[in-house]
Undergrad: 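To start, I am sharing the structure in question, which I have written as structure tokens.
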Number of protein chains: 2
Amino acid sequence: MVCISKMSAAKTDNEVTPLHGERVTSQRLLILRIIREGEGHMDAEELYRRATEEDPRISLSTIYRNLRLFKRIGLVEERYLGEGHHHYELRRPTQHHHLVCLGCGRVIEFECPQTEQMREDVAKANDFEITDTEVYFAGYCSSCRKKRG
Amino acid sequence: MVCISKMSAAKTDNEVTPLHGERVTSQRLLILRIIREGEGHMDAEELYRRATEEDPRISLSTIYRNLRLFKRIGLVEERYLGEGHHHYELRRPTQHHHLVCLGCGRVIEFECPQTEQMREDVAKANDFEITDTEVYFAGYCSSCRKKRG
DNA sequence: GTAGGTGCAAAGTGTTTGCATATAC
DNA sequence: GTATATGCAAACACTTTGCACCTAC
């Protein structure tokens, strides 16, 4: 379930409510829906590809413009998982992190309660207000390890 | 002190020893020295700018090519700290992580012993061999918070 | 009606590559 | 001498922007 500050996306498209002067356009609904359905890590290109299937006239700049918007209003999070471009996912209430296989590119999500404590410690120690947290591990999964001996 | 698998850089340039067939060129020495002296987070452009001051003929592609080499042989680590490009730093024996101010761009490093435990847990749970670890926090430092009220 | 969003094509970044020349070994 | 690095310019991939048209409010 998504329900954040300025624009919120509910279960079905038509329930989306703009709360900030951001206009509700068919493109925005479509993009949000695809991100939601894609659950997980999609880059702009993939998002564009899928969007085009439903609305062949949609443009890549609209994708990028709206990703930036969604990011800004906190609906979507941007991740750099080490391949030269970004992945996008809906912001979820529970923090979760990423484990990436450098062999096959597979991305595994995991949760990590310790992070919360760490975050507080670091915030306090540096007098920061921390708004973003990310833990990133990379390595090789068991099947990729087998392949390379 | 830096002393890793295939090529090692010691205190002064001339002590550098290639251990892997990688040739020791003046450009490589220069780049490594600048990364070392720059201590911290320099992007390729900044590295290039400084290198040009000492060797006006050095080219940006040499910078990139060698950054890739250094990364591959484990001398240097690449970090994406969220501004559309990478930062590079010498690999150090102690794991450290990054706290970035979204207001002024300042990067603070911190260490975090808990991460080691986390890493082991995640590796075990997913049957991974984890080779890279990164914890990234972003937010606002105290002076940027004041500015924006 | 108007501020704001879209599509398109063009421009920007950051990064990589092909090739002839130069250099470490 | 030969394999490997370099410099240069050209190509790339990802992302942003300018502008005329369109649409949500």
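Letters A, B, ... mirror the listed sequences (proteins, then strands); counts begin at 1.
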Undergrad: CZ of B:Arg72 versus C1' of C:dT16: gap in Å, rounded?
TA: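 Computing the B:Arg72:CZ to C:dT16:C1' distance gives 13 Å.
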Undergrad: Using 30° and 60° as the class limits, which term best fits the ring planes of B:Phe137 and B:Phe110: parallel, tilted or perpendicular?
TA: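 Answer is parallel, since the angle falls under 30°.
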Undergrad: Under 3.5 Å, is there a donor-acceptor pair between the side chain of B:Arg145 and the main chain of A:Asp127?
TA: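 Checking the backbone N and O of A:Asp127 against the side chain of B:Arg145, a donor-acceptor pair under 3.5 Å is found.
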Undergrad: Kindly calculate the angle separating the two end axes of the helix from C:dG1-D:dC25 to C:dC25-D:dG1, each obtained from five base pairs, and round it to 10 degrees.
TA: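 End-to-end axis angle: 40°.
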Undergrad: Within this structure, what is the CD1-CZ distance for the pair B:Ile63 and B:Arg68, rounded to the nearest 0.5 Å?
TA: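 Output value for this atom pair is 13.5 Å.
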Undergrad: Salt-bridged, B:Glu120 to B:Lys124, with N to O below 4.0 Å?
TA: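 No, no charged N to carboxylate O under 4.0 Å.
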Undergrad: Give one of base, sugar-phosphate or nothing for B:Gln27, where a contact means two heavy atoms less than 4.0 Å apart.
TA: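 Answer is sugar-phosphate: B:Gln27 comes under 4.0 Å of backbone atoms only.
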Undergrad: Check whether B:Asp43 reaches the backbone of B:Glu46 with its side chain - one donor and one acceptor, N or O, closer than 3.5 Å.
TA: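 It does hold such a pair.
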Undergrad: Give each protein N/O atom lying under 3.5 Å from an N/O atom of nucleotides 18-22 of chain D, with the pair distance.
TA:
unit_1 : atom_1 : unit_2  : atom_2 : d
D:dG18 : O6     : A:Arg65 : NH1    : 3.4

Undergrad: Out of A:Leu75, A:Ile35, A:Thr62, which one pairs with A:Leu67 under the side-chain contact (heavy atoms from CB on, under 4.5 Å) rule?
TA: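 Single side-chain contact (heavy atoms from CB on, under 4.5 Å) partner of A:Leu67 among A:Leu75, A:Ile35, A:Thr62: A:Ile35.
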Undergrad: Report yes if a side-chain nitrogen or oxygen of A:His86 is closer than 4.0 Å to either non-bridging phosphate oxygen (OP1 or OP2) of D:dT15; otherwise report no.
TA: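 The answer is yes; a side-chain N or O of A:His86 sits under 4.0 Å from OP1 or OP2.
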Undergrad: Atom CD of A:Glu22 and atom P of C:dG5: how far apart are they, to the nearest Å?
TA: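 Rounding to the nearest Å, CD of A:Glu22 and P of C:dG5 are 6 Å apart.
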Undergrad: Quick one: B:Arg68 CZ to C:dT16 C1', roughly how many Å, whole number?
TA: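 Computing the B:Arg68:CZ to C:dT16:C1' distance gives 6 Å.
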Undergrad: Could you check A:Leu60 against B:Asp55 and say which one's nearest nucleotide on DNA chain D is further toward the 5' end?
TA: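 Result of the comparison: B:Asp55.
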Undergrad: Given atom CG of A:Leu69 and atom P of C:dG5, what is their separation to the nearest angstrom?
TA: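 To the nearest whole Å, that distance equals 7 Å.
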Undergrad: Distance check needed: C:dT13 C1' versus B:Asp43 CG, whole Å only.
TA: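 Result: 12 Å.
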Undergrad: Nearest-Å distance, OH (A:Tyr80) to C1' (C:dG14)?
TA: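 So the two atoms are 10 Å apart, to the nearest Å.
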Undergrad: Taking atom P of C:dT6 as reference, at what distance in whole Å does atom CG of A:Leu30 sit?
TA: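 Computing the A:Leu30:CG to C:dT6:P distance gives 11 Å.
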Undergrad: What about B:Arg23: does its side chain form a donor-acceptor pair under 3.5 Å with the base of D:dA3?
TA: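 Such a pair is found, so the answer is yes.
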Undergrad: With a 4.5 Å cut-off on side-chain heavy atoms, are B:Thr115 and A:Gln114 touching?
TA: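 No, side chains not in contact.
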Undergrad: Does C:dC8 have OP1 or OP2 under 4.0 Å away from a side-chain N or O of A:Arg57?
TA: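 For A:Arg57, the contact criterion (side-chain N or O under 4.0 Å from OP1 or OP2 of C:dC8) is met.
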Undergrad: Taking only N and O in the side chain of A:Thr25, is any of them less than 4.0 Å away from OP1 or OP2 of C:dT6?
TA: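 Looking at the OP1 and OP2 atoms of C:dT6, one of them is under 4.0 Å from a side-chain N or O of A:Thr25.
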Undergrad: Look at the side chain of A:Arg50 and the backbone N and O of A:Ile34, then say whether any donor-acceptor pair between them is shorter than 3.5 Å.
TA: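 Not confirmed, A:Arg50 side chain does not pair with A:Ile34 backbone.
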Undergrad: What is the separation between atom OH on B:Tyr64 and atom C1' on C:dG18, rounded to the nearest whole Å?
TA: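 Roughly 19 Å, once rounded to whole Å.
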Undergrad: Apply side chain to side chain contact (heavy atoms under 4.5 Å, CB included) to residues B:Phe70 and B:Leu90 and explain how you reach the verdict.
TA: CA-CA 9 Å; B:Phe70 297 155; B:Leu90 284 190; over 6 Å; no
